Number of protein chains: 2
Amino acid sequence: MAERPPGYELPLLLFGAFRSIVDATHADLAERGHPDLRPIHGFVFQAIGVRGTTAVELAARLAVSKQAAGKTIANLEKQGYVERTASPTDARAKIVRLTVRGVEFLELSARAFDEIQTEWAEAIGEQRLTELRSDLRRFAPGELFRLDAPGWLGSER
Amino acid sequence: MAERPPGYELPLLLFGAFRSIVDATHADLAERGHPDLRPIHGFVFQAIGVRGTTAVELAARLAVSKQAAGKTIANLEKQGYVERTASPTDARAKIVRLTVRGVEFLELSARAFDEIQTEWAEAIGEQRLTELRSDLRRFAPGELFRLDAPGWLGSER
DNA sequence: CATATAAGTCAATCTGGTTTACTATATGGG
DNA sequence: CCCATATAGTAAACCAGATTGACTTATATG
């Protein structure tokens with residue numbers, strides 16, 4: 001354990017790699033008709049999911065207040081990515097669902113992520129990529145889908 | 001290349017691992033007398049550096065306006081982490097330097113990062129850790145010290 | 001049935017950021 | 001040498017996204 005690089009390199013590498021994936025994905029999305037959405041929206045859309053959700057549930061997943069979640073939903077509704085309908089079982093609640101455009105965004109993102117993963121596999125080989133994922137799983141928090149990163153990820157517009 | 005996990009797992013793993021390092025480091029720093037600083041400050045302190053800097057230079061490194069950099073500096077000054085002195089060569093400029101406390105924060109951070117890296121080495125082995133760093137270097141942007149992440153990383157107080 | 005709890009919205013406020021405007025100092029070409 | 005232009009820093013107004021608190025309406029439970 002003599003000549004190891006300084007420890008601060010590791011987080012910078014992890015963040016840099018994360019960021020390059022996200023930037024590449026959003027560059028792709030911008031070309032394909034979604035230039036308005038920021039990296040943060042990936043988290044929001046994942047939190048909404050194809051099944052839909054409610055404002056309170058979304059707030060919990062994103063770890064923000066329900067008012068903040070409401071504002072986010074209102075913005076996305078204005079941009080045509082989600083729609084709100086009354087809940088059939090609870091007259092207080094409204095179900096937030098992705099529109100066709102919202103689902104398209106999610107699908108394009110998934111495709112872009114897959115493409116990037118393929119590029120990585122070609123660059124370092126299938127074996128090393130598998131090891132990379134396996135090693136990272138040991139250190140990433142158990143609940144991978146912690147979507148409370150928006151507070152870390154910047155502005156919405 | 002048949003059964004590869006979905007591509008979106010990769011960014012989540014990278015971000016999750018990054019975040020676990022940062023959280024652990026700041027938990028450690030909080031215990032050691034620096035509970036007020038947020039993850040974003042690691043970037044800011046790195047951008048200031050032990051040599052010191054100016055507001056304009058800092059703004060460029062953080063990719064924010066010089067006014068925003070000025071506010072950040074004023075906050076850190078109020079908290080005793082930096083001090084401003086007149087530049088000996090330019091009467092317009094002020095040199096921002098870390099105080100003893102600021103340097104201490106930087107040193108404690110470095111130590112915490114090193115400790116985490118050691119834990120990782122023990123968990124996956126020196127070999128795999130070396131491969132991990134080497135693979136990530138291929139995908140992280142060339143300029144590792146891109147410190148314009150604060151806009152991604154959340155609030156200052 | 002009464003009361004406590006939950007979903008959503010509104011309004012006020014806070015925090016960081018930007019833009020615009022300004023002062024003071026540097027710098028470089030006539 | 002001097003003036004035009006550029007640069008360092010600050011200040012004020014504004015903006016975007018978040019929070020807290022108050023409120024309405026509906027659900028759930030004793």
Side-chain angles (χ1 to χ4, degrees), chain A residues 36-45 47-48 51-79 81-97 146-157, chain B residues 36-45 47-49 51-79 81-97 147-157:
Chain A
D36 299 334
L37 296 182
R38 314 269 323 132
I40 187 182
H41 291 104
F43 287 82
V44 177
F45 278 54
I48 295 172
R51 312 278 315 266
T53 185
T54 67
V56 165
E57 212 174 60
L58 181 62
R61 289 191 191 150
L62 300 176
V64 298
S65 64
K66 60 180 179 175
Q67 295 87 335
K71 288 184 191 180
T72 299
I73 293 166
N75 283 341
L76 289 177
E77 192 176 36
K78 213 180 311 172
Q79 295 178 270
Y81 286 101
V82 306
E83 59 194 0
R84 272 182 280 199
T85 60
S87 163
T89 63
D90 186 337
R92 295 168 303 177
K94 297 179 183 174
I95 309 292
V96 181
R97 277 206 192 70
R146 280 178 72 189
L147 295 167
D148 57 338
W152 290 35
L153 271 179
S155 68
E156 180 127 25
R157 269 257 63 171
Chain B
D36 300 332
L37 296 182
R38 313 271 322 133
I40 185 182
H41 291 104
F43 286 84
V44 177
F45 278 55
I48 295 171
R51 311 280 315 269
T53 184
T54 67
V56 165
E57 212 173 60
L58 182 62
R61 289 190 191 152
L62 300 176
V64 298
S65 66
K66 58 182 180 175
Q67 294 87 338
K71 287 183 190 180
T72 298
I73 292 166
N75 283 343
L76 289 176
E77 192 176 36
K78 211 181 309 172
Q79 294 178 270
Y81 286 101
V82 306
E83 59 194 2
R84 273 182 280 200
T85 60
S87 164
T89 62
D90 186 337
R92 296 168 304 176
K94 297 177 183 175
I95 309 293
V96 181
R97 277 203 193 73
L147 295 168
D148 57 339
W152 288 37
L153 271 178
S155 69
E156 180 128 25
R157 265 260 67 176

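Predicted model only: the values in this text are computed from it and were never measured. Residue numbers begin at 1 in each chain, while the letters A, B, ... track the order of the sequences.
Between the side chain of A:Gln67 and the base of D:dG21, at least one donor-acceptor pair of N or O atoms lies under 3.5 Å.
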For A:Thr54 and A:Ile95: C-alpha separation, side-chain torsions, deciding distance, then whether side chain to side chain contact (heavy atoms under 4.5 Å, CB included) applies. CA-CA 5 Å; A:Thr54 67; A:Ile95 309 292; 4.3 Å; yes

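Contacts between residues 88-95 of chain A and DNA chain D, counted as heavy-atom distances below 4.0 Å, involve A:Asp90, A:Ala91, A:Arg92.
Nearest-nucleotide positions on DNA chain C for B:Lys66 and B:Ala69 put B:Ala69 closer to the 5' end.
With B:Glu77 as reference, B:Arg84 is the one residue of B:Arg84, B:Lys94, B:Arg97 to meet the salt bridge (Lys or Arg N to Asp or Glu O under 4.0 Å) rule.
Protein atom CD of B:Gln79 is 14 Å distant from nucleotide atom C1' of C:dT15, rounded to whole Å. Rounded to an integer number of Å, the gap from CZ of B:Arg61 to C1' of D:dA8 is 16 Å. As a whole-Å value, the separation of A:Phe43 CZ from D:dG17 C1' is 17 Å. In this structure, NE2 of B:His41 is placed 13 Å from P of C:dT15, rounded to the nearest angstrom. The distance from atom CD1 of B:Ile73 to atom C1' of D:dA8 is 11 Å, rounded to the nearest whole Å. As rounded to whole Å, 12 Å separates atom P of C:dT9 from atom CG of A:Leu58.
Residue B:Gln67 holds its CD atom at 8.5 Å from NZ of B:Lys71, rounded to the nearest 0.5 Å. Atoms NE2 and CG, from A:His41 and A:Asp36 in turn, are 9.0 Å apart once rounded to the nearest 0.5 Å.
Of the candidates D:dA18, C:dG17, C:dC10, D:dA18 carries the atom nearest the A:Lys71 side chain, counting heavy atoms from C-beta on. If you check C:dT18, D:dT10, C:dG8 against the side chain of B:Ser65, the one that comes closest is C:dT18.
Shown here for A:Lys66 and A:Ala59, the closest heavy-atom pair between the two residues is CA-CB, 3.6 Å. The shortest heavy-atom contact between B:Val96 and B:Ile48 is O-CG2, 4.0 Å. Of all non-hydrogen atoms in A:Ala69 and A:Ala55, the two that sit nearest each other are CB-O, 3.7 Å.
Contact between the side-chain N/O atoms of A:Ser87 and the OP1/OP2 oxygens of D:dT27 is not found at any separation under 4.0 Å. Between A:Arg84 and C:dT9 there is a side-chain N or O to OP1 or OP2 distance below 4.0 Å.
Using a 4.0 Å heavy-atom distance criterion, B:Thr54 is classed as a sugar-phosphate-only contact. Base engagement by A:Ala68 is indicated by at least one non-hydrogen atom pair under 4.0 Å involving a base atom.
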